[in-house]
Amino acid sequence: MLAKPLLSFTRRGLPGLLLLALGLLLGLSLGRHSSWAVEAKPLVYPLALLLAVVGCNLVGSYVHQRSLHTMKKELLASGLLVVSLWLGSVAR
């Protein structure tokens with residue numbers, strides 16, 4: 001008999017995949033030849049990055065069946081990744 005998973009797919013896996021897809025779509029739509037306003041691009045890029053990283057963390061917590069409370073190091077590393085990539089895009 002299979003044990004019931006601690007974290008359900010509808011609470012962590014599906015929202016994580018949707019956030020990841022939304023972040024990737026936003027990031028890819030900000031290409032060089034996009035019709036986005038120049039003023040909106042610096043605001044939407046960090047949002048797309050944040051959505052994709054949060055989605056990855058949710059999917060990772062579902063796959064490994066870990067609560068977000070026990071993933072402090074991973075969440076901190078993801079936060080530092082988002083900040084460093086955002087600062088790199090601002091410096092350009």
Side-chain angles (χ1 to χ4, degrees):
M1 188 158 107
L2 295 173
K4 182 181 175 189
L6 300 174
L7 302 171
S8 68
F9 179 74
T10 56
R11 295 196 71 196
R12 290 277 172 89
L14 186 60
L17 289 174
L18 292 174
L19 284 174
L20 181 60
L22 181 62
L24 287 175
L25 286 174
L26 274 176
L28 293 174
S29 69
L30 290 174
R32 293 182 188 207
H33 306 293
S34 68
S35 61
W36 287 79
V38 176
E39 298 84 16
K41 285 184 180 183
L43 299 174
V44 176
Y45 176 72
L47 176 65
L49 187 62
L50 184 66
L51 288 174
V53 170
V54 167
C56 286
N57 284 329
L58 286 176
V59 169
S61 74
Y62 169 72
V63 169
H64 297 292
Q65 291 293 305
R66 295 175 61 191
S67 67
L68 293 175
H69 182 70
T70 61
M71 295 178 60
K72 290 181 182 179
K73 289 180 184 177
E74 291 88 348
L75 295 174
L76 180 63
S78 296
L80 289 174
L81 175 73
V82 168
V83 169
S84 65
L85 289 173
W86 178 69
L87 288 175
S89 72
V90 170
R92 272 194 292 155

Roughly how far, to the nearest 0.5 Å, is the [atom2] atom of [Y] from the [atom1] atom of [X]?
| X | Y | atom1 | atom2 | value |
| --- | --- | --- | --- | --- |
| Asn57 | Arg12 | CG | CZ | 10.0 Å |
| Ser35 | Leu30 | OG | CG | 10.0 Å |
| Leu18 | Leu51 | CG | CG | 11.0 Å |
| Thr10 | Tyr62 | OG1 | OH | 9.0 Å |
| Arg11 | Ser61 | CZ | OG | 11.0 Å |
| Leu76 | Leu81 | CG | CG | 11.5 Å |

>> Please tell me whether Leu14 and Val63 are part of a single hydrophobic cluster in this structure, the criterion being side-chain heavy atoms less than 4.5 Å apart.
In response: yes
> Should Leu20 and Met71 be regarded as members of a common hydrophobic cluster, given that ILVMFWY residues are connected when their side-chain heavy atoms come within less than 4.5 Å of each other, either directly or indirectly?
Replying inline: no
Show the nearest heavy-atom pair for residues [X] and [Y], with the distance to one decimal.
| X | Y | answer |
| --- | --- | --- |
| Val54 | Leu19 | CG1-CD1, 3.8 Å |
| Val82 | Leu49 | O-CD2, 3.7 Å |
| Ala48 | Leu26 | CB-CB, 3.5 Å |

> Any side-chain heavy atom of Arg66 within less than 4.5 Å of one from Glu74?
Replying inline: yes
> Are any non-hydrogen side-chain atoms of Phe9 and Leu17 less than 4.5 angstrom apart?
Replying inline: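 Yes, at least one pair of side-chain atoms sits under 4.5 Å.
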>> By the definition side-chain contact (heavy atoms from CB on, under 4.5 Å), identify the one residue from Leu85, Leu87, Leu80 that meets it with Val83.
In response: Leu87
